[in-house]
Structures are given as C-alpha cells and as structure tokens.
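Working notes, beginning with the structure itself.
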Amino acid sequence: MDYQKIINIAVIAHVDAGKSTLVDAFLRQSHVFKDNDKIVDCVMDSNDLERERGITIYSKNCSVTYKDYKINIVDTPGHADFSSEVERIIRTVDTVILLVDSSEGPMPQTRFVLQKSLECGLKPILVINKMDKQDARADEVIDEVYELFLELDAADDQLDFPILYGTAREGIVRYEPDDTNEDIIPLFETIIRHTQEYPDLIDEPVQMQICALAYDDYIGRLGIGRIYRGTLKAASQYEVCNSEGTSHRGKTNQIFVYKGLSRVPVDEAQCGEICMVSGIPNINIGDTLCPEGQPAPMPSISIEEPTLSMNFMVNDSPFAGQTGKYVTSRNIRERLAKELEVNVGLRVEETDSTDTFKVSGRGELHLTILLEQMRREGYEVAVSRPEVILKKIDGQTCEPVEEVVADVPNEYSGSVISALNMRKGMLNDMEDIGTYTRITYTVPTRGLIGFRSDFINMTHGEGTMVQRLADYEPWKGEIPQRENGALISTETGGAMTYALWNIQERGSLFIGAQTPVYEGMIIGVSAKNRDMAVNPIKNKKMTAVRSTGNDEAMKLVPPKILTLEEAIEFINDDELVEITPTDIRVRKKYLTALDRRRHMRELGRIENEEE
C-alpha cells in the first residue's frame with residue numbers, strides 16, 4: 001500500500017474548557033458533514049449522559065484530512081474520575097493541543113493531563129480559548145502556563161511551544177489576538193509545522209499496542225490502538241503478547257479505521273494509524289500484536305488504581321421488583337462483568353454475601369455514571385456509602401487526598417474555608433479574582449464525600465469547585481459525617497398531605513403528597529442532629545362537627561428531590577440508596593426500629609470485645 005502521511009493529535013484540557021467544541025470546528029471546517037446533515041453541538045459527545053451533563057466521559061476518535069495529511073483526533077475527558085482514559089490514549093498521539101480558558105487559566109485537571117503528555121515526550125501546542133470573554137487575561141494565563149510547564153520539569157524543546165488564540169464556539173483560531181481570519185486554518189498549519197508525520201515503517205514487522213477497549217453486540221470485544229510499525233491485515237494470524245511476558249495466537253477478523261466520525265472496515269492499515277481490531281476475544285489493555293513466532297512486546301501500560309469503593313447489592317426493599325427488569329444478583333454480576341470489558345479503571349470483587357459486590361473506581365462521578373447507566377438499562381440495585389481505599393506505605397496507613405480549587409464569592413469564602421478545615425483540609429493558596437476568591441486546598445477524599453451539595457448551599461449556587469487526586473498521605477483521623485439526622489417512615493403506604501404538613505415543621509422533606517413510602521424509608525432530613533421516626537401516612541380524622549380554624553389550607557413546602565449523586569452524598573454508613581429505573585430512594589439498612597436497635601446492640605458488643 002502507498003504510504004500516507006498521518007498525524008495523531010489529542011485535545012486535552014480541564015473540564016469545560018472547550019475540547020469537544022474545538023473538535024466540532026475541526027470536523028465542520030474539513031467538510032466531514034454533508035450539506036443535508038443535521039449538525040449538533042459537541043457531536044463527539046454521543047452518549048446520552050454526556051449530552052445531558054455537558055461533559056466528555058469516554059475518549060473518542062475521529063479523523064479529518066488537511067492537504068495531503070490524515071489527522072486522527074482524540075477527544076479526551078476533562079474530569080479527574082475518567083483520567084484512566086487520558087493516560088492510555090496519550091501514548092498513541094504525536095502531539096497534544098492544550099486548551100486553556102482565557103479567564104480561568106490552568107486548573108487542577110490541566111496539570112494532570114499535561115504531566116502525562118510531557119512524560120511521554122510530546123511537544124504541546126497551546127491554544128488560549130474563549131478569547132471573546134469580557135474578563136479574558138491571555139497574557140497572564142500564558143505566564144501561568146509557563147510556570148506550570150516549569151513545575152512539571154518540561155524539557156527545553158517542550159517549553160518552546162507555539163501559542164494560538166481561539167474562540168472554539170465560533171470556529172476561530174488565530175496566530176495573534178488581533179488577526180481577522182474566521183477559521184481554524186492557523187491551527188491546521190501549526191500542527192503540520194510543529195509535528196512530524198509518522199515515519200514510514202511499512203516494511204518492518206508489524207507491531208500494534210492496544211490502549212483502549214470497546215464492545216459491539218454483533219462482533220464482540222474490540223481492541224483500539226496504534227500501529228507502531230509494519231502493516232496490520234484483516235483475517236490474519238498474529239502473536240498476542242501481554243504484560244506478563246506470555247503470548248498466545250490470535251486471528252484478526254476485521255480492521256476498522258476512522259474516517260470523519262465513522263469507523264470504516266479496511267483490508268489493511270499502515271503504521272502510524274489508530275485502528276480498531278475485532279476477532280481476538282480475550283484481548284486486553286497493553287497487549288501487543290506481533291508477527292507469528294516473533295514476539296516483541298511493548299512496555300506495559302500502567303493504569304492508576306481506584307481510590308473509592310461502594311457495595312452494590314440486590315435491592316431487598318418492600319418495593320423491590322416493581323419497576324426494574326433486572327433485579328437478581330446474577331443480573332448484576334453479568335452487567336458488572338460486561339462493564340469490566342471496557343472500563344479498565346473499574347474493579348469488581350465478590351464479598352462474603354452472594355448478593356453484594358464491592359465495586360471500586362476512580363471517584364464518585366466514575367461510580368455514579370455506571371449506576372446511572374444501569375438504572376436506565378432497567379436494573380435495580382441498592383448501594384452503600386462510598387468508602388476510600390487505604391494503602392500501606394512504609395508500614396503506615398495512608399489515604400487518598402485531593403487538590404481542591406474553589407472559586408467563591410468573597411462574602412462566602414469564610415464559611416467555605418471553615419467547612420474545609422473541619423474536613424481536615426490544608427489551605428495551600430488563596431488569591432483574589434475580582435469579586436471572587438480562589439481557594440486551593442488539599443483535602444482527604446473522605447472529607448469531600450457529601451461536600452459538593454454543602455458547597456452549593458454555602459455559596460448560594462454561585463461558587464465553582466474542581467478537584468483531582470493529588471497523592472496518598474497518612475491517615476488524617478476521624479472526619480465528622482452528616483450533622484443532621486433523618487426523618488424515617490414508620491409505616492408503609494401513600495404519604496398524606498395532613499401528615500407531611502405536620503412533619504415539615506421538624507425538617508425538610510424529600511417526598512411530596514401521595515408518594516408511596518415504606519417502613520425504614522428516609523423521607524427527609526431532620527432539623528436536629530438525631531434520627532426521628534415519623535408517620536407520613538396519617539390522615540386527618542373525619543368529624544361532623546365544624547370548628548373555626550379546622551379547614552385552613554395546608555400548604556406544603558416543595559420537597560427537595562434528590563438526584564443520584566446527592567443521594568449518595570447524603571447517606572451515612574447505616575443507610576443505603578435504592579436505585580430503580582423510575583425512582584431514587586434513601587433508606588436505612590435495617591428497616592424496622594427493632595432491627596436497628598438489635599444491630600446497635602451487636603455493634604456495641606463487638607466494640608466491647610475488641611477493647
């Protein structure tokens with residue numbers, strides 16, 4: 001086959017800096033779409049959850065053609081919880097476009113993705129995005145990026161990066177802020193000048209390493225990776241070498257390459273190309289495809305370990321099985337096994353109970369995205385409060401700590417600092433940004449579970465908070481959990497307006513009138529710091545005698561309907577979140593008051609024995 005000039009690039013940035021919008025501009029201006037195509041924003045965010053939340057969860061590939069170059073583009077996630085996607089994909093590209101907001105500057109996740117790129121020896125291209133913002137401060141942001149490069153020990157040639165200015169939403173990238181072009185041609189030209197096309201190694205023995213996995217219901221497991229040398233052919237036998245140093249034979253079925261947004265089957269793919277391979281059922285991340293009898297494995301790909309775990313259990317509430325399609329432990333086990341096929345940042349372990357699975361991930365968002373997908377597919381499951389995964393380092397128990405950067409209106413900064421101090425946080429930096437204060441903290445991951453909703457309340461919805469895993473540090477001691485108790489239903493039935501009207505004086509409710517409730521279900525949060533048992537189905541007694549004041553209108557305060565994330569953040573260790581396709585409920589682990597007292601007595605007995 002004729003050698004084609006190929007350059008692979010990844011767009012990396014902090015969440016919401018405009019990565020997917022820039023990829024849209026690449027696709028539009030390289031005429032990937034036909035005239036009659038309906039074009040949507042953030043076209044690469046094809047998953048329903050990605051569209052709803054406005055974030056990228058999975059890294060995805062597409063390609064464009066400019067002059068005689070084929071440019072493969074990888075759109076990467078910005079959230080720290082999906083950083084395992086970024087780590088692996090960085091190894092398959094020739095350069096990265098580092099996108100930085102013209103107002104915010106480099107944020108915590110910017111540091112992470114840039115560090116991975118520099119470690120791989122890549123030479124980034126800096127694009128200062130959102131230049132149309134009124135508070136744009138491009139010169140200061142460039143200085144901050146240089147400081148970040150120096151902190152990350154960038155080499156001299158990596159420090160000599162080209163700088164461009166853009167407004168991705170309008171499809172504009174310019175050499176200088178006052179240029180007048182209305183396209184992204186300067187970015188295309190910079191990519192070609194700044195990056196060498198992949199060298200012509202077509203005649204050498206084939207070598208391809210798998211860096212990501214996908215699954216297709218019709219053709220099974222798919223391996224995605226880059227061909228580093230030679231030519232990979234469809235329907236051919238290869239040696240599959242793994243990270244343990246062993247190898248086995250495998251036969252490729254089909255090979256797909258990216259053309260625009262589509263994956264296109266081809267008979268063979270050349271070195272430099274990012275392609276997708278089917279036909280090898282047990283292919284894994286880090287596996288290398290080599291010619292038969294000539295194993296030449298590439299260095300293994302390390303994936304950062306999970307930091308948070310939750311127990312996924314069979315739903316055993318009185319309302320179990322009413323709306324869900326998949327409710328048994330076998331259904332949950334099969335679904336988790338299917339997720340492990342492609343989600344390499346996840347770990348699933350069996351527990352002593354056949355109905356419970358310990359699922360570990362990179363963070364709260366990582367696990368809640370999986371739960372939300374399962375819920376939409378018709379699964380019912382109950383989950384426990386997240387727990388951090390501890391490590392022994394030099395004989396000392398260590399826990400994960402996160403770097404938190406919060407932009408808070410000046411008048412609320414004191415309450416945020418006080419709350420983070422209570423959660424064993426350490427203040428690293430504090431600076432004024434106009435009417436806002438930027439606070440940088442190091443906080444144990446344990447202390448951040450349940451903090452986001454408190455943060456929104458403290459800042460009246462005006463603050464923004466981002467976080468990333470920083471390191472493991474020695475155990476910080478006990479951290480206080482939720483201060484308020486729960487309002488616990490003592491009855492099963494439909495909630496009545498009369499009962500809720502009386503209960504709402506004791507706290508805030510999660511349910512409205514006519515909502516089905518069961519004994520042990522949490523229907524609200526108490527105003528006091530202890531649990532309170534209430535009867536939400538009690539109705540007003542009927543009487544023939546009329547009296548003044550008895551017929552006054554009962555107005556209920558609108559209830560706070562918990563989202564999945566809010567419910568998981570709300571619960572304590574003795575509580576569960578019940579997740580069904582139609583409802584998200586919060587409940588006690590032990591539903592009856594008698595069972596709860598018995599459990600507390602057993603805990604007290606165990607603690608006495610330990611003493």
Side-chain angles (χ1 to χ4, degrees), residues 9-19 21-23 25-26 76 78 86 90 93-195 403 405 407 428-434 436-438 440 464 466 468:
I9 63 170
V11 185
I12 62 171
H14 180 78
V15 63
D16 204 29
K19 296 181 298 298
T21 311
L22 182 64
V23 175
F26 270 119
T76 62
V86 181
I90 288 294
V93 299
D94 302 305
T95 191
V96 291
I97 297 172
L98 177 65
L99 220 57
V100 179
D101 188 296
S102 64
S103 164
E104 291 180 346
M107 297 293 274
Q109 187 64 12
T110 315
R111 169 185 284 271
F112 175 84
V113 291
L114 179 60
Q115 183 177 6
K116 294 295 175 188
S117 308
L118 296 176
E119 285 172 2
C120 292
L122 300 178
K123 299 173 188 174
I125 297 168
L126 175 63
V127 177
I128 305 297
N129 193 27
K130 303 188 181 180
M131 287 296 293
D132 54 340
K133 277 190 170 182
Q134 288 185 343
D135 56 349
R137 49 186 190 97
D139 292 340
E140 294 173 46
V141 167
I142 290 169
D143 290 340
E144 290 172 10
V145 173
Y146 271 116
E147 287 175 19
L148 180 58
F149 270 73
L150 290 168
E151 283 177 32
L152 297 175
D153 296 326
D156 290 345
D157 56 346
Q158 290 174 323
L159 280 167
D160 187 23
F161 51 81
I163 302 170
L164 300 166
Y165 305 85
T167 307
R169 188 173 56 184
E170 296 174 15
I172 297 171
V173 176
R174 293 168 175 162
Y175 291 116
E176 296 294 338
D178 50 2
D179 286 351
T180 56
N181 64 292
E182 298 289 324
D183 51 34
I184 61 166
I185 296 299
L187 182 53
F188 276 122
E189 291 292 339
T190 304
I191 291 169
I192 291 170
R193 275 203 313 271
H194 181 69
T195 313
E403 182 187 17
V405 176
D407 287 351
N428 297 337
D429 191 25
M430 189 171 169
E431 61 174 314
D432 281 332
I433 306 174
Y436 278 71
T437 303
R438 176 166 292 175
T440 306
T464 57
V466 291
R468 72 171 186 95

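The first residue in the sequence is number 1, and the count goes up from there.
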Within the 4.5 Å heavy-atom criterion, are [X] and [Y] side-chain neighbours or not?
| X | Y | answer |
| --- | --- | --- |
| Leu22 | Leu99 | yes |
| Ile9 | Thr95 | yes |
| Tyr165 | Val127 | no |
| Asp101 | Val141 | no |
| Val173 | Phe188 | no |
| Phe161 | Leu98 | no |
| Glu144 | Val100 | no |

Can any side-chain N or O of [X] pair as donor or acceptor with the backbone N or O of [Y] at less than 3.5 Å?
| X | Y | answer |
| --- | --- | --- |
| Asp157 | Lys123 | no |
| Ser102 | Ile128 | no |
| Asn181 | Asp183 | yes |

List in chain and number order the residues that pass side-chain contact (heavy atoms from CB on, under 4.5 Å) with Asp160, two or more places apart in sequence or in another chain; answer none if no residue qualifies. none
Electrostatic pair Glu182:Arg174 at N-O distance under 4.0 angstrom: yes
Using a strict 4.0 Å threshold on nitrogen-to-oxygen distance, state whether Glu104 and Lys133 make a salt bridge. no
Carefully, step by step, assess Phe26 and Leu187 under the rule side chain to side chain contact (heavy atoms under 4.5 Å, CB included). CA-CA 9 Å; Phe26 270 119; Leu187 182 53; 3.5 Å; yes
Least distance between heavy atoms, Ile184 atom then Gly171 atom: CG2-O, 3.5 Å
Could you pull out the closest heavy-atom pair between Leu122 and Gln158, with the gap in Å? O-NE2, 2.9 Å
